[in-house]
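Heads up, the thing below is written out as structure tokens.
What you see below is based on every heavy atom in this structure, not just the backbone, and it leaves out hydrogens, waters and symmetry mates. Bear in mind that the values here come from a model prediction, so they are computed numbers and not experimental data. Just so it is clear: chains get the letters A, B, ... in the order the sequence lines come, proteins before strands, and each one is counted from 1.
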There are 2 protein chains.
Amino acid sequence: MTSGEETPQRPGERWPTARGPRAGARATSRDVARAAGVSQATVSLVMGEKWRGRVSERTAEAVRSAARSLGYRPNLAARDLRLGRTRTVLLVVPALTNEFFARVHTGVVRVAREHGLGVVLYLSPEGTGPAPDPFASASATLDGVLASSMAAEALGALRGGGLPLVMLDSDPGREGASATVNPDIADGMRQVAGHLLGLGHRRFLHLASDIDTWTFRVRARALADALCATSGVTVRTERAPLTVADGLRATEKALAEPGHRPTAIICDDDVLAAGACKAARRLGLHVPADLSVTGFTDLALATAVEPELTTVQLPAEAVGEAGMRALVAVLDGRTPAPEALPVRLVTRGTTAHART
Amino acid sequence: MTSGEETPQRPGERWPTARGPRAGARATSRDVARAAGVSQATVSLVMGEKWRGRVSERTAEAVRSAARSLGYRPNLAARDLRLGRTRTVLLVVPALTNEFFARVHTGVVRVAREHGLGVVLYLSPEGTGPAPDPFASASATLDGVLASSMAAEALGALRGGGLPLVMLDSDPGREGASATVNPDIADGMRQVAGHLLGLGHRRFLHLASDIDTWTFRVRARALADALCATSGVTVRTERAPLTVADGLRATEKALAEPGHRPTAIICDDDVLAAGACKAARRLGLHVPADLSVTGFTDLALATAVEPELTTVQLPAEAVGEAGMRALVAVLDGRTPAPEALPVRLVTRGTTAHART
DNA sequence: AGCCTCGGGTTTTACGTATAACTTGAAGCG
DNA sequence: CGCTTCAAGTTATACGTAAAACCCGAGGCT
């Protein structure tokens, strides 16, 4: 019927050689049992660390040494089949090319490794729209899910699964989440506000993200609260996608408007701050003498530009680590409390006293 | 014996609840068989796309509809156990926080998904030294391995496995590799040399990586060859780790030396170029009027700095895609030819005519 | 003595799938 | 007709592991 007969569509016969070249057949627990002169069940008991009071120290040692000399490794597919689990968790993030999430991922993988768990990534599509089924994409069954709030749309399909779900960088009270972990971004914004107010700034531009997720709503709210505590403060908001080019565009537009001329720009992300600095330079303004700029996240980019960005350092890897630890706790039947990780304002070259 | 009795060390009893909350028991092929009024074997035949000539269209459709209404998903652990494979490949890279590798990873995952394969990451330790066993770290058996040359040290343990191995960004003739895929970096360096020679530059500084892998050796060699073709050219080499700060330091040091004063700095990476630009500014030099600078890779950083970097754009995602495709080919028993992917010089704001 | 406990194992079974080997009824055919 | 061929299934088995259920001999207790 179909043309293209040369394409082998029979899955069962694919990769017949994949097993062949492997050095002999891998040793199984039965091989170990034979070598140690015990039954397969005993091997399973010993390897599973459940032998206390069930197997004598003599036999246990015999089994261990036989396993060692045969290079025995348990077949994980068989173990998973037996136990009905997968040792695999799904991490849902927008994109790893976003350095923040790459660092979160690093942390997640580190503690996953400690617990013998595998991490499979689901990169949620950039735009919105109905996301493809994360389960299918993972092509694996899962024990649990870690997800960023920036990928919340992709979570529809996960609801039905009833899987343990840990939200990173998200609303602590979020429904459906077994646990939440996030950097204390509200405190970060308060630190920014305090820093700039202390430098005498009163007219602000808030260069915000154009996406409406918890993390950015919190920033806006915390900033507004912190600034309103002081009288005589004005703040305008401009929204833009999180890229340098868009930050530049938005800043040029905002600074061109008459009336409100800010002395400081507070950005939701370092890439926006980099764009703002470029815009300022094009308009003949000197940063930080004429205009102060703050970033958020502390990406590598923050110290690559000149002058280096004053920014809020987010503990990205720690978020990943804490998130994975929380998921392990949930899998163990415990219920971890929501965590808010401390953040820290790093003052560098883009902030200075306001022009009088 | 050991203290800390409250820690449950019995792996078998961990996560007893993980299966419980899952919505009922998942449907198996036997459930589907019962619903469709056929045997389990028939279901397997139909789902495996091997039913042509073995099962009538009527029954096949009945099976498919039963599977659909039960929400049947094959248990992959069972399938793997039966077939003796894992549908999992290992990707070995230095770090995902390096944007280049994050993009390679994105490409790898994209085509892995098309083939129903999972990708597990092994992040090779930054420093050298004996790497931990990638197999253990993966906590999974593997069908194949994709590895970056920058993580070559971590590959010792893989040799013994006899697994298909595709090298990315590596020596085409590398022993032990089933296939190789890399961007044509030699051509990239030739383009850089041609561009700068055309602008009248004759005195160069090559700001190189301090790590000695194939990719950087090739750059040095290609650059030397291209520059030597023209007479009256001098080139000095300075080595530095791939960070902005180190690039800055190395440039300051090189420019402070007497005698040889370059008019152009050719960098092995964008981060070094960013550092070089910062150094130039501190020394009162104007880029590109007084000094031209070129980068390599075209990271996001390249357009974040001011002026934007002239750099060589590497097709990172394409490398990942081609690498994964090559690995699939090897798994299918074919032997793919080494691939060199085209690169392209992007001229932006950091290069100009040499001062006369 | 009779009964129970308990350490130290073994036997057996189930997990869900893929497929080799077998069955069966009908059609083809010289 | 008697033989093969063929479509369309079914039955049976194996993959490697974990663990429930069983077994057995030696003490301990009343």
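As rounded to whole Å, 7 Å separates atom P of dC15(D) from atom CZ of Arg30(A). Rounded to whole angstrom, the span from the CZ atom of Arg34(A) across to the C1' atom of dG16(D) amounts to 13 Å. dA20(C) atom P lies 11 Å from atom CG of Leu83(B), rounded to whole Å. The CG atom of Asp80(A) sits 19 Å away from the P atom of dC15(D) (whole-angstrom rounding). Between Leu70(A) atom CG and dG16(D) atom P there is a gap of 14 Å when expressed in whole angstrom units. What separates CG of Leu81(A) from P of dG16(C) is a distance of 7 Å, to the nearest Å. Following rounding to the nearest Å, Arg85(A) (CZ) and dA14(C) (C1') show an atom-to-atom distance of 16 Å. The CG atom of Leu76(B) sits 16 Å away from the C1' atom of dC15(D) (whole-angstrom rounding).
With sequence neighbours left out, the side chain to side chain donor-acceptor pair (under 3.5 Å) criterion links Thr180(B) to no other residue. Annotation: side chain to side chain donor-acceptor pair (under 3.5 Å) contacts of Arg34(B) (sequence neighbours excluded): Asp31(B). In terms of the side chain to side chain donor-acceptor pair (under 3.5 Å) criterion, Ser69(B) has no residue partners (sequence neighbours excluded). Shown here are the salt bridge (charged side-chain N to carboxylate O under 4.0 Å, His left out) partners of Arg334(A), two or more places apart in sequence or in another chain: Asp332(A).
Phosphate contact (OP1/OP2 of dG16(C), side-chain N/O of Thr28(B), threshold under 4.0 Å): absent.
With Thr59(B) contributing its side chain and Ser56(B) its backbone, the two residues share a donor-acceptor pair below 3.5 Å. In this structure, Asp143(B) contributes its side chain and Thr86(B) its backbone to a donor-acceptor pair below 3.5 Å. For Ser29(B) (side chain) and Gln40(B) (main-chain N/O), no donor-acceptor pair under 3.5 Å exists by modelled atom type.
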Between protein and nucleotides 4-11 of chain D, what N or O pairs are separated by less than 3.5 Å?
| from | atom 1 | to | atom 2 | distance (Å) |
| --- | --- | --- | --- | --- |
| dG9(D) | OP2 | Ser56(B) | N | 2.7 |
| dG9(D) | OP2 | Ser56(B) | OG | 2.6 |
| dG9(D) | OP2 | Thr59(B) | OG1 | 2.5 |
| dG9(D) | O6 | Arg54(B) | NH1 | 3.2 |
| dG9(D) | O6 | Arg54(B) | NH2 | 3.4 |
| dT10(D) | OP2 | Ser39(B) | N | 3.0 |
| dT10(D) | OP2 | Ser39(B) | OG | 2.8 |
| dT10(D) | OP2 | Thr42(B) | OG1 | 2.4 |

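Closest non-hydrogen pair, Ala179(A) versus Ala326(A), comes out as CB-CB, 4.2 Å.
Tested against Val63(B) for a side chain to side chain contact (heavy atoms under 4.5 Å, CB included), the candidates Val55(B), Val32(B), Leu45(B) yield a single pass: Val32(B).
Computed from C1' positions of five pairs at each end, the angle between the two local axes of the helix from dA1(C)-dT30(D) to dG30(C)-dC1(D) equals 60°, rounded to 10 degrees.
For Arg82(B), the side-chain atoms get nearest to dT17(C) when compared with the rest of dA18(D), dT17(C), dG16(D).
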